[in-house]
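As the structure is a computational prediction, the values presented were derived from the model and not from experiment. In the text below, chain A, chain B and the rest are named by the order of the sequence lines, each starting its count at 1.
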There are 2 protein chains.
Amino acid sequence: MTTEKLPTDVRREQIVASALQVMGENPDKHLHIKDIAQRVGLAPSALYRHFRSRDAIMSAILELIRTKLYSNIETVRQASEDAETRLRELLERHIRVIRSEHGIPRMIFSDELWGQKQEKRQKMFRIITGYLAEIVDIVREGQAKGEIRQDVNPMAAARMFFGIVQPAALLWHMSEGRFDIDEHLAIAWPFFWQTIKS
Amino acid sequence: MTTEKLPTDVRREQIVASALQVMGENPDKHLHIKDIAQRVGLAPSALYRHFRSRDAIMSAILELIRTKLYSNIETVRQASEDAETRLRELLERHIRVIRSEHGIPRMIFSDELWGQKQEKRQKMFRIITGYLAEIVDIVREGQAKGEIRQDVNPMAAARMFFGIVQPAALLWHMSEGRFDIDEHLAIAWPFFWQTIKS
DNA sequence: CCCTCATGTGAATTTAAATTCACATTATAT
DNA sequence: ATATAATGTGAATTTAAATTCACATGAGGG
């Protein structure tokens, strides 16, 4: 076998991205080193040149997920000024991410996260609370501009927003894609927006 | 060691209940046969007299969870007639179950559910959609009695309700109990009820 | 051009848990 | 009271995957 040699920083990225993909493609399998290696095109043992352990790869996946989620926030912030469009866009993008990157919900509902020592749960908790904080900011800005009712508790709104996305992800993932997530959005979004708009 | 011999139906219940407990007490450990056996007071091999496999135990746990959740619905239905009280009670009971039976969220976010063959996901999907259907009924009855706005889509309301509970469970579980679930309810419930009440 | 270190490999090694099995015991049906 | 079927046990057995290791190779700095 003639496998090209590549520098560690490149390999690390490949490995993490592949791991996330593999995870998404095998909804019913534990994530094995062998499978990641195969996807990258390396021998299993080679991965250990770039990560101390399987666990370290899992942590890196969490980082990748954080990046993907937060980039959505930045994008919608820049794409428009008004809260309605921002939130609506964020919702759509979030769903799109979950739909295309099967690996993300898979990771959120996995033993990698729940079945191991605290560390990863904490990491994910911070990712989510940080994400919520960003939504709170968007709501606040919307209130400042008079687009959202003043008597709405921004945290309540943010959590409610999250409450649209998360159960949808759960049901969609659980039903293997049969759950109609678009219909869900079509019903839930207007309901949500009617409730908080000025 | 002198261990009492008990009939299979009794043992099965013991085993499943113990499994759920053990699962809740070790948030960071895979559920091992050895640990279940220890809790019941049997040798690991004895469990195989009552269940074909570890997997069968997992399925039985799902059944137990279904029972616990659905009994709440029955209770609140009988405890009161008006939709507000029913839904509010259901919310509180649901949270109480999640809080006391750590094993339930642990199961929902576990590889037992997500990392194995379809069957269990489907089972859980059915449990949840069934639960949602019950909530839809409660909402409909509330509408019939004029307590809830006619223009509210019952399914939307039910999902929104679910959207209060589920993220709370996630965050609470993820934060190892640090997330203030009572505060969450105190904020989210009025918000929800204001939105749908007549 | 060569040296060396980073990268890659296949073959052990480690580990850990589920499951099976041959044998023991006791509950209960007759 | 006895037979037998159900229940319980500790000691194998199976399995399966992560990790390590001794050795190979090629990229890039000097």
Colleague: Mapping A:H30 and B:D9 onto DNA chain D by nearest heavy atom, which one lands closer to the 5' end?
Modeller: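 That would be B:D9.
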Colleague: Do the non-hydrogen side-chain atoms of A:R39 and A:E25 ever get within less than 4.5 Å of each other?
Modeller: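 Yes, at least one pair of side-chain atoms sits under 4.5 Å.
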Colleague: Using a cut-off of under 3.5 Å, enumerate the N/O to N/O pairs linking the protein to nucleotides 22-24 of chain D.
Modeller:
none

Colleague: Please verify the inter-ring angle class for B:F109 with A:W114; under 30° counts as parallel, over 60° as perpendicular, anything in between as tilted.
Modeller: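 Aromatic pair B:F109/A:W114 classed parallel.
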Colleague: Provide, to the nearest angstrom, the distance between the CD1 atom belonging to A:I36 and the C1' atom belonging to D:dT19.
Modeller: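 That distance rounds to 14 Å.
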Colleague: Please find the pair of heavy atoms, one from A:F192 and one from A:A157, that lie closest to each other, and give the distance.
Modeller: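 Minimum heavy-atom separation between A:F192 and A:A157: CE1-O, 3.5 Å.
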Colleague: For A:M58 and D:dA17, what is the distance between atoms CE and C1' respectively, to the nearest whole Å?
Modeller: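 Roughly 13 Å, once rounded to whole Å.
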Colleague: Which nucleotide sits closest to the side chain of A:L42: C:dT19, D:dT19, C:dT9?
Modeller: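 Of the candidates, C:dT9 comes closest.
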Colleague: Does the side chain of A:D55 come within less than 4.5 Å of A:K120's, by heavy atoms?
Modeller: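 SC-SC contact between A:K120 and A:D55 confirmed.
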Colleague: Could you state the atom-to-atom distance from CD1 of B:I33 to P of D:dG10 in whole Å?
Modeller: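 That distance rounds to 16 Å.
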Colleague: Could you measure the distance from the CD atom of B:E89 to the CG atom of B:N72? Nearest 0.5 Å is fine.
Modeller: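 Rounded to the nearest 0.5 Å, the CD-CG separation comes to 9.0 Å.
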Colleague: What is the distance from CD of B:E4 to P of D:dG8, rounded to the nearest Å?
Modeller: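 Roughly 9 Å, once rounded to whole Å.
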Colleague: I'd like to know whether the aromatic ring centres of B:H94 and B:Y131 sit less than 6.0 Å apart in this structure.
Modeller: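 Between B:H94 and B:Y131, the centre distance is under 6.0 Å.
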Colleague: At under 4.0 Å between heavy atoms, what does A:P7 touch on the DNA or RNA strands: base, sugar-phosphate, or nothing?
Modeller: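 If one applies the 4.0 Å heavy-atom cut-off, A:P7 turns out to touch the sugar-phosphate alone, with no base involved.
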Colleague: Kindly point out which of D:dT19, D:dG8, C:dT19 is positioned nearest to the side chain of B:R54?
Modeller: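 Ranking D:dT19, D:dG8, C:dT19 by closest atom to the B:R54 side chain puts C:dT19 first.
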Colleague: Nearest whole Å is fine: how far is D:dA5 P from B:L6 CG?
Modeller: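 Result: 21 Å.
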Colleague: So A:L31, base contact, sugar-phosphate only, or nothing? Heavy-atom distance under 4.0 Å.
Modeller: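 The answer is sugar-phosphate, as A:L31 gets under 4.0 Å only of primed atoms, P, OP1 or OP2.
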Colleague: Could you tell me the separation between the CZ atom of B:R11 and the P atom of D:dA5, rounded to a whole number of Å?
Modeller: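 Result: 22 Å.
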Colleague: Using only heavy-atom distances, decide whether a donor-acceptor pair under 3.5 angstrom links the side-chain of A:S45 to the base of C:dG8.
Modeller: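 By the distance-only test, no, there is no pair.
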Colleague: Checking all strands, does A:A43 fall into the base, sugar-phosphate, or nothing category for heavy-atom contacts under 4.0 angstrom?
Modeller: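 Touches sugar-phosphate only.
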Colleague: B:H32 side chain N/O closer than 4.0 Å to the phosphate oxygens (OP1, OP2) of C:dA18?
Modeller: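 For C:dA18, OP1 or OP2 has a side-chain N or O of B:H32 closer than 4.0 Å.
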Colleague: Using distance alone, with no hydrogens and no angle criterion, decide if B:R11 and B:Q14 have a side-chain donor and acceptor under 3.5 Å apart.
Modeller: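 A pair is found: one side chain offers a donor N or O, the other an acceptor, under 3.5 Å apart.
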Colleague: Classify the angle between the aromatic ring planes of A:W193 and A:W189 as parallel (below 30°), tilted (30 to 60°) or perpendicular (above 60°).
Modeller: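 Judged by the thresholds at 30° and 60°, the geometry between A:W193 and A:W189 is parallel.
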Colleague: Expressed as a whole number of angstroms, how long is the span from A:I57:CD1 to D:dA17:P?
Modeller: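 Rounded to whole Å, this separation is 16 Å.
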Colleague: Quick check on D:dT7: is either OP1 or OP2 less than 4.0 Å from any side-chain nitrogen or oxygen of B:T8?
Modeller: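 Yes, B:T8 has a side-chain N/O under 4.0 Å of OP1/OP2 on D:dT7.
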Colleague: How about B:Q38: does its CD atom have over 12 heavy atoms from other parts shown lying under 6.0 Å from it?
Modeller: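 Count not over threshold, so no.
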Colleague: Do any side-chain nitrogens or oxygens of A:H50 fall under 4.0 Å of OP1 or OP2 in C:dG8?
Modeller: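 For C:dG8, OP1 or OP2 has a side-chain N or O of A:H50 closer than 4.0 Å.
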Colleague: Output the distance between atom CD1 (B:I135) and atom CG (B:L87), rounded to the nearest 0.5 Å.
Modeller: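 CG of B:L87 is found 7.5 Å from CD1 of B:I135.
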Colleague: Strictly below 4.0 Å: does B:R52 bring a side-chain N or O up to OP1 or OP2 of C:dT19?
Modeller: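 For C:dT19, OP1/OP2 do not have a side-chain N/O of B:R52 under 4.0 Å.
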Colleague: What's the CG-P distance between A:L47 and D:dA18, to the nearest Å?
Modeller: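 Distance, rounded to whole Å: 10 Å.
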Colleague: Given pairs defined as Watson-Crick or G-U wobble with both distances under 3.5 Å, what dot-bracket annotation applies to DNA chain D, with ( ) intrastrand, [ ] crossing, | other strand and . unpaired?
Modeller: ||||||||||||||||||||||||||||||
